Asks: 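Next up is a structure, given as C-alpha coordinates.
Whatever order the structure lists them in is the order used to number ligands and atoms, beginning at 1. Please read these numbers as outputs of a predicted model, since none were measured by experiment. Below, all heavy atoms of this structure are taken into account, side chains as well, without hydrogens, waters or symmetry copies.
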Amino acid sequence: MSSSLETFARTKLASLEAGSLRRRLVPTTRGAQASATRGGRSLVSFSCNDYLGLSQDPRVIAAAQEAAAAYGAGAGGSRLVTGSHPLLSALEERLARHKGKEAALVFGSGYLANLGIVPALAGPRDLVLVDALAHSCLWAGARASGATVATFRHNDAADLARLLAEQRAGHAHAMILTERVFSMDGDVAPLADILALAEAHDAWTLVDDAHGLGVVEAGRRAPLEMGTLSKSLGSYGGYLCADRAVIDLLTSRARSFVYTTGLPPASAAAALEALTILEAEPERRARPLMLARRFTARLGLPEAESAVVPVLVGEAEAALALSAALEERGFLVVAIRPPTVPAGTARLRVAFSAAHSEAQVDGLAEAVAALR
Ligand SMILES: *Cc1c(COP(=O)(O)O)cnc(C)c1O
(Lines give C-alpha, C1' and ligand atoms only; values in the text may rest on other atoms or scores of the structure.)
Protein backbone atom coordinates (compact mmCIF):
# COMPACT_ATOMS: atom_id res chain seq x y z
CA MET A 1 0.00 0.00 0.00
CA SER A 2 1.39 3.41 -0.84
CA SER A 3 1.52 6.29 1.61
CA SER A 4 -0.20 9.61 0.98
CA LEU A 5 3.25 11.10 0.40
CA GLU A 6 4.06 8.61 -2.33
CA THR A 7 0.62 9.07 -3.89
CA PHE A 8 1.14 12.83 -3.86
CA ALA A 9 4.52 12.49 -5.59
CA ARG A 10 3.20 10.07 -8.23
CA THR A 11 0.19 12.24 -9.03
CA LYS A 12 2.36 15.36 -9.40
CA LEU A 13 4.85 13.50 -11.57
CA ALA A 14 2.08 12.21 -13.83
CA SER A 15 0.79 15.73 -14.40
CA LEU A 16 4.31 16.99 -15.18
CA GLU A 17 4.75 14.08 -17.59
CA ALA A 18 1.47 14.92 -19.32
CA GLY A 19 2.68 18.49 -19.92
CA SER A 20 6.14 17.36 -21.15
CA LEU A 21 7.46 19.15 -18.07
CA ARG A 22 9.06 16.29 -16.18
CA ARG A 23 12.82 16.72 -15.86
CA ARG A 24 15.36 13.94 -15.74
CA LEU A 25 19.04 13.81 -14.95
CA VAL A 26 21.19 12.43 -17.77
CA PRO A 27 24.68 11.19 -16.85
CA THR A 28 27.05 13.42 -18.81
CA THR A 29 30.70 14.36 -18.41
CA ARG A 30 32.42 17.41 -19.87
CA GLY A 31 35.86 17.81 -21.40
CA ALA A 32 38.07 20.13 -23.43
CA GLN A 33 36.95 21.89 -26.66
CA ALA A 34 33.35 22.12 -25.40
CA SER A 35 32.96 18.35 -25.57
CA ALA A 36 30.50 16.31 -23.57
CA THR A 37 30.17 12.55 -23.28
CA ARG A 38 26.77 10.97 -22.91
CA GLY A 39 25.81 7.33 -23.27
CA GLY A 40 29.29 6.56 -24.61
CA ARG A 41 28.96 9.18 -27.38
CA SER A 42 31.03 12.31 -27.71
CA LEU A 43 28.98 15.46 -28.38
CA VAL A 44 29.73 19.13 -28.91
CA SER A 45 28.04 20.97 -26.06
CA PHE A 46 26.21 24.22 -26.66
CA SER A 47 24.46 23.95 -23.32
CA CYS A 48 27.14 25.04 -20.84
CA ASN A 49 27.63 28.48 -19.31
CA ASP A 50 31.39 28.01 -19.42
CA TYR A 51 31.54 31.01 -21.80
CA LEU A 52 35.31 31.40 -21.73
CA GLY A 53 36.15 27.70 -21.56
CA LEU A 54 37.92 28.33 -18.25
CA SER A 55 36.46 25.37 -16.33
CA GLN A 56 38.68 23.18 -18.53
CA ASP A 57 41.74 25.46 -18.61
CA PRO A 58 44.89 23.67 -17.31
CA ARG A 59 45.94 26.79 -15.37
CA VAL A 60 42.58 26.98 -13.57
CA ILE A 61 42.57 23.25 -12.84
CA ALA A 62 46.13 23.44 -11.47
CA ALA A 63 45.18 26.35 -9.18
CA ALA A 64 42.30 24.29 -7.77
CA GLN A 65 44.51 21.22 -7.32
CA GLU A 66 47.21 23.19 -5.53
CA ALA A 67 44.73 24.83 -3.17
CA ALA A 68 43.06 21.50 -2.35
CA ALA A 69 46.44 19.89 -1.69
CA ALA A 70 47.55 22.76 0.55
CA TYR A 71 44.34 23.53 2.43
CA GLY A 72 42.04 20.52 2.13
CA ALA A 73 38.84 19.72 0.30
CA GLY A 74 36.35 21.74 2.33
CA ALA A 75 36.13 24.99 4.26
CA GLY A 76 35.12 23.36 7.53
CA GLY A 77 32.38 25.82 8.47
CA SER A 78 30.94 29.30 8.07
CA ARG A 79 33.59 31.95 7.42
CA LEU A 80 32.42 33.83 10.50
CA VAL A 81 33.07 30.76 12.66
CA THR A 82 36.08 28.86 11.30
CA GLY A 83 37.84 31.97 10.02
CA SER A 84 38.01 33.45 6.58
CA HIS A 85 40.52 31.89 4.21
CA PRO A 86 42.96 34.44 2.72
CA LEU A 87 42.19 33.07 -0.77
CA LEU A 88 38.61 34.33 -0.34
CA SER A 89 39.74 37.81 0.70
CA ALA A 90 42.11 37.88 -2.25
CA LEU A 91 39.30 36.85 -4.57
CA GLU A 92 36.99 39.50 -3.10
CA GLU A 93 39.59 42.19 -3.60
CA ARG A 94 40.07 41.19 -7.22
CA LEU A 95 36.33 41.01 -7.93
CA ALA A 96 35.79 44.46 -6.40
CA ARG A 97 38.61 45.91 -8.47
CA HIS A 98 37.26 44.30 -11.64
CA LYS A 99 33.86 45.89 -11.01
CA GLY A 100 35.26 49.26 -9.89
CA LYS A 101 33.73 48.82 -6.44
CA GLU A 102 35.10 49.30 -2.93
CA ALA A 103 34.47 45.78 -1.72
CA ALA A 104 33.00 42.36 -2.44
CA LEU A 105 31.55 39.39 -0.60
CA VAL A 106 31.74 35.82 -1.87
CA PHE A 107 28.72 33.55 -1.29
CA GLY A 108 28.28 29.79 -1.65
CA SER A 109 26.58 30.25 -5.03
CA GLY A 110 24.87 32.92 -7.11
CA TYR A 111 21.51 31.59 -6.00
CA LEU A 112 22.51 31.93 -2.33
CA ALA A 113 23.80 35.45 -3.00
CA ASN A 114 20.45 36.72 -4.26
CA LEU A 115 18.59 34.80 -1.60
CA GLY A 116 20.64 36.67 1.01
CA ILE A 117 21.19 40.12 -0.51
CA VAL A 118 17.57 41.21 -1.02
CA PRO A 119 16.19 40.32 2.46
CA ALA A 120 19.25 41.92 4.08
CA LEU A 121 18.42 45.25 2.41
CA ALA A 122 14.62 45.25 2.07
CA GLY A 123 11.80 44.37 4.47
CA PRO A 124 8.03 44.64 4.90
CA ARG A 125 7.95 48.46 4.64
CA ASP A 126 9.80 48.44 1.33
CA LEU A 127 9.09 48.01 -2.38
CA VAL A 128 10.96 45.54 -4.62
CA LEU A 129 10.52 45.93 -8.39
CA VAL A 130 11.50 42.88 -10.45
CA ASP A 131 11.90 42.43 -14.21
CA ALA A 132 9.29 39.94 -15.41
CA LEU A 133 11.97 37.59 -16.79
CA ALA A 134 14.33 37.76 -13.82
CA HIS A 135 16.03 34.57 -12.67
CA SER A 136 14.31 32.38 -10.09
CA CYS A 137 16.78 33.34 -7.34
CA LEU A 138 16.00 37.06 -7.68
CA TRP A 139 12.33 36.18 -7.12
CA ALA A 140 13.28 33.97 -4.20
CA GLY A 141 15.18 36.86 -2.61
CA ALA A 142 12.36 39.32 -3.28
CA ARG A 143 9.76 37.01 -1.72
CA ALA A 144 11.94 36.16 1.27
CA SER A 145 12.31 39.88 2.03
CA GLY A 146 8.63 40.30 2.88
CA ALA A 147 8.60 43.56 0.88
CA THR A 148 5.82 44.51 -1.52
CA VAL A 149 6.90 42.87 -4.78
CA ALA A 150 5.87 44.38 -8.13
CA THR A 151 6.79 43.19 -11.62
CA PHE A 152 7.74 45.46 -14.50
CA ARG A 153 7.50 44.34 -18.12
CA HIS A 154 10.71 42.79 -19.38
CA ASN A 155 13.35 45.43 -20.17
CA ASP A 156 10.63 48.10 -20.19
CA ALA A 157 11.91 51.26 -18.45
CA ALA A 158 8.62 53.07 -19.11
CA ASP A 159 6.71 50.40 -17.21
CA LEU A 160 9.25 50.63 -14.38
CA ALA A 161 8.79 54.43 -14.33
CA ARG A 162 5.01 53.97 -14.06
CA LEU A 163 5.34 51.58 -11.09
CA LEU A 164 7.80 53.88 -9.33
CA ALA A 165 5.47 56.86 -9.81
CA GLU A 166 2.51 54.88 -8.47
CA GLN A 167 4.10 52.99 -5.59
CA ARG A 168 7.45 54.47 -4.51
CA ALA A 169 6.02 57.13 -2.16
CA GLY A 170 4.15 54.59 -0.06
CA HIS A 171 7.31 52.71 0.89
CA ALA A 172 10.40 53.40 2.98
CA HIS A 173 12.99 52.06 0.53
CA ALA A 174 12.83 50.61 -2.95
CA MET A 175 14.98 48.09 -4.80
CA ILE A 176 15.06 47.30 -8.54
CA LEU A 177 16.15 43.80 -9.52
CA THR A 178 17.30 43.02 -13.04
CA GLU A 179 19.98 41.20 -15.05
CA ARG A 180 22.68 42.65 -17.27
CA VAL A 181 22.25 39.81 -19.76
CA PHE A 182 19.08 37.72 -19.43
CA SER A 183 19.76 34.06 -18.89
CA MET A 184 17.17 32.56 -21.25
CA ASP A 185 16.83 35.29 -23.91
CA GLY A 186 20.39 36.60 -24.07
CA ASP A 187 19.16 40.18 -24.37
CA VAL A 188 20.63 43.12 -22.49
CA ALA A 189 18.84 45.35 -19.95
CA PRO A 190 18.48 49.11 -20.65
CA LEU A 191 20.65 49.90 -17.62
CA ALA A 192 21.29 53.57 -18.38
CA ASP A 193 17.52 54.21 -18.28
CA ILE A 194 16.97 52.01 -15.24
CA LEU A 195 19.79 53.63 -13.26
CA ALA A 196 18.50 57.11 -14.11
CA LEU A 197 15.04 56.16 -12.84
CA ALA A 198 16.58 54.64 -9.74
CA GLU A 199 18.40 57.87 -8.99
CA ALA A 200 15.31 59.99 -9.55
CA HIS A 201 13.22 57.83 -7.22
CA ASP A 202 15.94 56.93 -4.71
CA ALA A 203 15.75 53.22 -5.48
CA TRP A 204 18.65 50.77 -5.14
CA THR A 205 19.46 48.76 -8.26
CA LEU A 206 20.74 45.19 -8.03
CA VAL A 207 22.13 43.89 -11.31
CA ASP A 208 22.62 40.15 -11.70
CA ASP A 209 25.65 39.81 -13.95
CA ALA A 210 25.71 36.02 -14.16
CA HIS A 211 25.86 36.02 -17.98
CA GLY A 212 27.69 39.30 -18.59
CA LEU A 213 30.97 39.02 -16.73
CA GLY A 214 33.84 38.58 -19.17
CA VAL A 215 31.53 38.57 -22.20
CA VAL A 216 29.32 41.70 -22.21
CA GLU A 217 30.78 44.22 -19.80
CA ALA A 218 30.23 47.63 -21.38
CA GLY A 219 27.89 50.21 -19.85
CA ARG A 220 27.30 51.59 -16.38
CA ARG A 221 27.64 49.65 -13.15
CA ALA A 222 24.81 49.45 -10.64
CA PRO A 223 25.34 50.16 -6.92
CA LEU A 224 24.81 46.44 -6.30
CA GLU A 225 26.57 44.17 -8.79
CA MET A 226 26.18 40.47 -8.07
CA GLY A 227 27.11 37.45 -10.10
CA THR A 228 28.40 33.92 -10.09
CA LEU A 229 31.81 32.29 -10.17
CA SER A 230 30.28 29.31 -11.96
CA LYS A 231 29.80 30.62 -15.49
CA SER A 232 32.53 32.60 -17.27
CA LEU A 233 34.89 32.00 -14.32
CA GLY A 234 34.45 28.24 -14.66
CA SER A 235 34.41 27.53 -10.90
CA TYR A 236 31.66 27.62 -8.28
CA GLY A 237 30.30 30.28 -5.93
CA GLY A 238 28.61 33.68 -6.05
CA TYR A 239 29.53 37.27 -5.18
CA LEU A 240 28.30 40.78 -4.55
CA CYS A 241 30.36 43.91 -5.30
CA ALA A 242 29.26 47.19 -3.68
CA ASP A 243 30.35 50.01 -1.35
CA ARG A 244 32.32 48.92 1.72
CA ALA A 245 29.49 49.76 4.14
CA VAL A 246 27.02 47.63 2.16
CA ILE A 247 29.43 44.69 2.10
CA ASP A 248 30.08 45.04 5.84
CA LEU A 249 26.34 45.03 6.50
CA LEU A 250 25.78 41.96 4.33
CA THR A 251 28.63 40.16 6.12
CA SER A 252 26.56 40.42 9.31
CA ARG A 253 23.04 40.27 7.90
CA ALA A 254 22.79 38.04 4.82
CA ARG A 255 21.49 34.79 6.27
CA SER A 256 22.63 32.78 3.25
CA PHE A 257 26.15 34.00 4.01
CA VAL A 258 26.18 33.80 7.81
CA TYR A 259 24.60 30.38 8.25
CA THR A 260 26.31 28.38 5.54
CA THR A 261 29.74 26.90 4.96
CA GLY A 262 32.38 28.97 3.21
CA LEU A 263 33.48 28.19 -0.31
CA PRO A 264 36.07 25.37 -0.61
CA PRO A 265 39.58 26.81 -1.06
CA ALA A 266 39.90 25.03 -4.43
CA SER A 267 36.85 26.86 -5.81
CA ALA A 268 38.22 30.20 -4.65
CA ALA A 269 41.65 29.52 -6.13
CA ALA A 270 40.14 28.43 -9.45
CA ALA A 271 37.97 31.57 -9.66
CA LEU A 272 40.93 33.79 -8.81
CA GLU A 273 43.08 32.22 -11.53
CA ALA A 274 40.18 32.44 -14.00
CA LEU A 275 39.70 36.14 -13.26
CA THR A 276 43.41 36.73 -13.91
CA ILE A 277 43.14 34.95 -17.28
CA LEU A 278 39.89 36.74 -18.16
CA GLU A 279 41.56 40.13 -17.62
CA ALA A 280 44.75 39.19 -19.45
CA GLU A 281 43.16 37.73 -22.60
CA PRO A 282 40.82 40.16 -24.39
CA GLU A 283 40.69 37.94 -27.50
CA ARG A 284 39.20 35.15 -25.36
CA ARG A 285 36.55 37.56 -24.01
CA ALA A 286 35.57 38.70 -27.51
CA ARG A 287 35.09 35.19 -28.88
CA PRO A 288 31.72 34.02 -27.46
CA LEU A 289 29.83 37.04 -28.81
CA MET A 290 31.64 36.80 -32.15
CA LEU A 291 30.63 33.13 -32.50
CA ALA A 292 27.06 33.83 -31.38
CA ARG A 293 26.77 36.50 -34.11
CA ARG A 294 28.20 34.13 -36.67
CA PHE A 295 25.40 31.69 -35.71
CA THR A 296 22.56 34.24 -35.76
CA ALA A 297 23.77 35.58 -39.13
CA ARG A 298 23.79 32.08 -40.66
CA LEU A 299 20.24 31.41 -39.48
CA GLY A 300 18.83 34.85 -40.17
CA LEU A 301 17.99 35.33 -36.48
CA PRO A 302 18.13 38.73 -34.75
CA GLU A 303 21.79 39.58 -34.12
CA ALA A 304 23.08 38.08 -30.86
CA GLU A 305 23.60 40.57 -28.01
CA SER A 306 25.47 38.11 -25.80
CA ALA A 307 26.78 34.54 -25.68
CA VAL A 308 23.20 33.25 -25.23
CA VAL A 309 20.96 32.79 -28.26
CA PRO A 310 17.37 31.56 -27.96
CA VAL A 311 15.91 29.60 -30.86
CA LEU A 312 12.20 29.86 -30.12
CA VAL A 313 10.15 26.76 -30.81
CA GLY A 314 6.85 27.23 -28.94
CA GLU A 315 5.51 24.08 -27.34
CA ALA A 316 7.59 22.10 -24.87
CA GLU A 317 7.20 18.87 -26.84
CA ALA A 318 8.51 20.39 -30.08
CA ALA A 319 11.49 21.90 -28.30
CA LEU A 320 12.32 18.51 -26.79
CA ALA A 321 12.05 16.84 -30.20
CA LEU A 322 14.38 19.37 -31.81
CA SER A 323 16.90 18.96 -29.00
CA ALA A 324 16.77 15.15 -29.40
CA ALA A 325 17.27 15.41 -33.18
CA LEU A 326 20.30 17.64 -32.68
CA GLU A 327 21.75 15.16 -30.20
CA GLU A 328 21.44 12.49 -32.92
CA ARG A 329 23.64 14.74 -35.05
CA GLY A 330 26.23 15.17 -32.29
CA PHE A 331 25.16 18.46 -30.70
CA LEU A 332 24.10 18.93 -27.12
CA VAL A 333 21.63 21.83 -27.02
CA VAL A 334 19.12 21.89 -24.19
CA ALA A 335 15.45 22.57 -24.60
CA ILE A 336 14.25 25.12 -22.05
CA ARG A 337 10.63 24.71 -21.00
CA PRO A 338 8.13 26.28 -18.66
CA PRO A 339 8.27 27.13 -15.83
CA THR A 340 11.84 28.28 -16.56
CA VAL A 341 10.41 30.32 -19.47
CA PRO A 342 6.81 31.52 -20.03
CA ALA A 343 4.28 29.00 -21.45
CA GLY A 344 4.33 28.81 -25.26
CA THR A 345 7.94 30.04 -25.48
CA ALA A 346 9.78 26.74 -25.12
CA ARG A 347 13.06 27.06 -26.94
CA LEU A 348 16.53 25.84 -27.57
CA ARG A 349 18.99 27.84 -25.52
CA VAL A 350 22.25 27.94 -27.41
CA ALA A 351 25.26 29.02 -25.35
CA PHE A 352 28.50 29.92 -27.11
CA SER A 353 31.96 29.56 -25.63
CA ALA A 354 35.45 30.72 -26.47
CA ALA A 355 36.21 26.99 -26.52
CA HIS A 356 34.06 26.40 -29.64
CA SER A 357 35.63 26.37 -33.08
CA GLU A 358 34.08 28.16 -36.05
CA ALA A 359 33.52 24.75 -37.68
CA GLN A 360 31.52 23.54 -34.66
CA VAL A 361 29.33 26.64 -34.79
CA ASP A 362 28.76 26.29 -38.53
CA GLY A 363 27.91 22.62 -38.07
CA LEU A 364 25.25 23.45 -35.50
CA ALA A 365 23.79 26.22 -37.67
CA GLU A 366 23.47 23.78 -40.60
CA ALA A 367 21.80 21.16 -38.42
CA VAL A 368 19.31 23.64 -36.92
CA ALA A 369 18.48 25.01 -40.39
CA ALA A 370 17.87 21.48 -41.70
CA LEU A 371 15.64 20.47 -38.78
CA ARG A 372 13.61 23.57 -38.12
C1 LIG B 1 22.98 30.81 -13.00
C2 LIG B 1 22.35 32.04 -12.49
C3 LIG B 1 22.33 32.34 -11.13
C4 LIG B 1 22.76 31.35 -10.09
O5 LIG B 1 24.12 31.23 -10.03
P6 LIG B 1 24.72 29.87 -9.40
O7 LIG B 1 26.09 30.26 -8.99
O8 LIG B 1 24.66 28.85 -10.47
O9 LIG B 1 23.84 29.54 -8.23
C10 LIG B 1 21.82 33.55 -10.73
N11 LIG B 1 21.30 34.41 -11.62
C12 LIG B 1 21.28 34.15 -12.93
C13 LIG B 1 20.72 35.16 -13.85
C14 LIG B 1 21.78 32.95 -13.40
O15 LIG B 1 21.71 32.66 -14.70
Asks: Write out the protein residues near ligand 1, meaning a non-hydrogen atom under 4.0 Å from one of its atoms, in order of chain and number.
Replies: Ser109, Gly110, Tyr111, His135, Cys137, Glu179, Ser183, Asp208, Ala210, His211, Thr228, Ser230, Lys231, Gly237

Asks: Restricting to side-chain hydrogen bond (donor to acceptor under 3.5 Å, both in side chains), what partner residues turn up for Glu199, sequence neighbours left out?
Replies: Arg220

Asks: Check whether the side chains of His154 and Asp131 place a donor and an acceptor atom closer than 3.5 Å, and report yes or no.
Replies: yes

Asks: Taking only residues two or more places apart in sequence or in another chain, which ones pass side-chain hydrogen bond (donor to acceptor under 3.5 Å, both in side chains) with Thr276?
Replies: Arg94

Asks: Does Arg143 have any salt bridge (charged side-chain N to carboxylate O under 4.0 Å, His left out) partners at least two apart in sequence or in another chain, and if so, which?
Replies: none

Asks: What are the two closest non-hydrogen atoms of Ala150 and Leu127, and how far apart are they?
Replies: CB-CD1, 4.4 Å

Asks: In terms of side-chain heavy atoms, does Ser353 have a donor or acceptor partner in Asp50 at a distance below 3.5 Å?
Replies: no

